Amino acid sequence: MPTNYERAKQVLDRRRETAEREAEQKTEELELLSPELRALNRKLSAAGLKAVQLAITGDQAAMDRLRDENLADQERRREILESLGSSEEALEVHYTCPVCNDTGVVGNHYCDCFKRLVKSLQTENLNAVSPAGDSTFDNFNLAYYQGVTDPETGVDAYARMGQIVSYCEAYAEDFGLSSPSLILYGNTGLGKTHLSLAIANKAIEKGFNVVYGSAHNLLSEIEKEHFGRLKTDDSPEDNVLNADLLILDDLGAEFSTSFTVSMVYNIINTRILKGLPTIISTNLWYDEISDKYGNRVYSRIIGNYTPLEFAGRDVRQLKN
């Protein structure tokens, strides 16, 4: 499966090819009506190469004659097109983006049209694998936590969750490649996935490459890739290791094997070494993380991740 950048490039390639083909077809239709127009088009196309050759020889008189001849041919071409009810402008290639001519690049930078396209594809992908469209900061309802004391910790859930929402909003607003990694932990149904997706939406809006998935699904794809059971041009492991932001949802719910344990360590350690932010959501508490994944994973999380301990009662049950 191609990356969002590769998919965006493919879309722009198709747009460019379509625009050029349509312009070519319009020209061919008019040339069928006017053989003289066809001859002039061929002559004007060849004039560029001829001008280069004359510039090399330095024959200024011949260059002046060629210029005058070209001007006369262009004027005659305009007359013919007008008689056919058309114009030179109508036969130009009309690209979707006139800034980059649908190449996606302006100078040494990506064009804004390319950035918007990548962002749209990322949002599309995120919505396909998660309820991202329904997970925003605006619709995170703190009313479900009001008057609730967390049954596990005795913490005032409304106050705690108000602080967490404020922190996550500020984190998303200022998100960049130097942002800290987060671990969102606590019992099930407290809004960990909702807030991680709200951050993801904001990061995508800023143009960052976001990879989101449950630990079960992402680790399963990587395992299939490792053992040759996944046929793809794209590497799930590379995507996970190199994304601007990785959101590893529901860590601990995956079936535990020696492979998954070692891969969780590799993902966490590699992204720390690369300086790339990761958001982990989990129902596990710190001692359970240590028991399930070992001291190496535990040590890296407590040493490099900002902990956000969620509080309250299962919001899903309250909604039902």
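Not measured: the values here are computed from a predicted model. Values below: every heavy atom of this structure, side chains too, minus hydrogens, waters and symmetry copies.
Contact check on D64 versus R67 returns a salt bridge, with a Lys/Arg side-chain nitrogen under 4.0 Å from an Asp/Glu carboxylate oxygen.
Here the straight-line distance linking atom CG of L251 with atom OG1 of T278 works out to 11.5 Å at 0.5 Å rounding. The structure places NE2 of H94 at 14.5 Å from OG1 of T18, a figure rounded to the nearest 0.5 Å. L245 CG to N209 CG: the interatomic distance, rounded to the nearest 0.5 Å, is 9.0 Å. Separating the CD1 atom in I280 from the CG atom in L308 is a distance of 12.0 Å, to the nearest 0.5 Å.
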Practice task
Go through the steps to decide whether K292 and E288 satisfy the test side chain to side chain contact (heavy atoms under 4.5 Å, CB included), and finish with yes or no.
Solution key: CA-CA 6 Å; K292 188 175 180 70; E288 294 173 311; over 6 Å; no

Exercise for the section: For D244 and V210, run side chain to side chain contact (heavy atoms under 4.5 Å, CB included): C-alpha distance rounded to whole Å, both residues' side-chain angles, the deciding distance at 0.1 Å, then the answer. Expected result: CA-CA 6 Å; D244 295 335; V210 178; over 6 Å; no

Exercise for the section: Show your working on side chain to side chain contact (heavy atoms under 4.5 Å, CB included) between L182 and Y171 and close with a plain yes or no. Expected result: CA-CA 10 Å; L182 308 179; Y171 179 92; 3.9 Å; yes

Practice task
Apply side chain to side chain contact (heavy atoms under 4.5 Å, CB included) to the pair E24 and T27, showing each step before the final yes or no.
Solution key: CA-CA 5 Å; E24 189 176 314; T27 300; 5.8 Å; no

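Around the CZ atom of R38, the shell of radius 6.0 Å holds more than 12 heavy atoms that belong to other residues, nucleotides or ligands. Residue R313 places its CZ atom among 12 or fewer non-hydrogen atoms of other residues, nucleotides or ligands, all under 6.0 Å distant. Counting heavy atoms of neighbouring residues, nucleotides and ligands inside a 6.0 Å radius, atom CD of Q146 exceeds 12 of them. Within a 6.0 Å sphere centred on CD of E79, other residues, nucleotides and ligands contribute more than 12 heavy atoms. Surrounding CD of Q25 are more than 12 heavy atoms belonging to other residues, nucleotides or ligands, all under 6.0 Å away.
Proximity of K192 to N283: side-chain heavy atoms (C-beta onward) are separated by under 4.5 Å at one or more points. Two residues are said to be in side-chain contact when any heavy atoms from C-beta on lie closer than 4.5 Å; N101 and R16 fail this criterion. Under the 4.5 Å side-chain criterion, counting only non-hydrogen atoms from C-beta, C168 is in contact with F137.
In terms of heavy-atom proximity, G162 sits nearest to L142 at N-CD2, 3.8 Å. Of all heavy-atom pairs spanning A311 and V155, the tightest one is CB-CG1, 4.4 Å. When all heavy atoms are compared, the tightest approach of L121 to R7 is CD2-NH2, 3.3 Å. In terms of heavy atoms, Y145 sits closest to G312 at CD2-CA, 4.3 Å. Contact detail for L219 and F259: the closest heavy-atom pair is O-CE2, 4.3 Å. When all heavy atoms of S34 and L84 are compared, the closest pair comes out as CB-CD1, 4.1 Å.
Checked options I199, L195, T193; the residue passing with L197 is T193 (criterion: side-chain contact (heavy atoms from CB on, under 4.5 Å)). Of the residues T260, L284, I268, the one that meets the side-chain contact (heavy atoms from CB on, under 4.5 Å) test with Y293 is L284.
Within the 3.5 Å criterion, the main-chain N or O of S214 finds no donor-acceptor partner in the side chain of D249. Not a single donor-acceptor pair under 3.5 Å links the side chain of R76 to the backbone N or O of L40.
Within the structure, the salt bridge (charged side-chain N to carboxylate O under 4.0 Å, His left out) test picks out the following pairs touching residues 42-57 (sequence neighbours left out): E31-R42, K43-E69, K43-D73.
For F255 and H216, the distance between ring centers is not under 6.0 angstrom. If you look at F175 and F208, their ring centroids are closer than 6.0 Å.
Hydrophobic clustering keeps M161 apart from V148 (ILVMFWY residues linked when any side-chain heavy atoms are closer than 4.5 Å, directly or through intermediates). A single hydrophobic cluster is seen to contain both I301 and Y298, as judged by linkage of ILVMFWY side chains at heavy-atom distances under 4.5 Å, directly or through other members. The hydrophobic cluster containing V99 does not contain L117, counting ILVMFWY residues as joined when their side-chain heavy atoms lie under 4.5 angstrom apart, directly or transitively.
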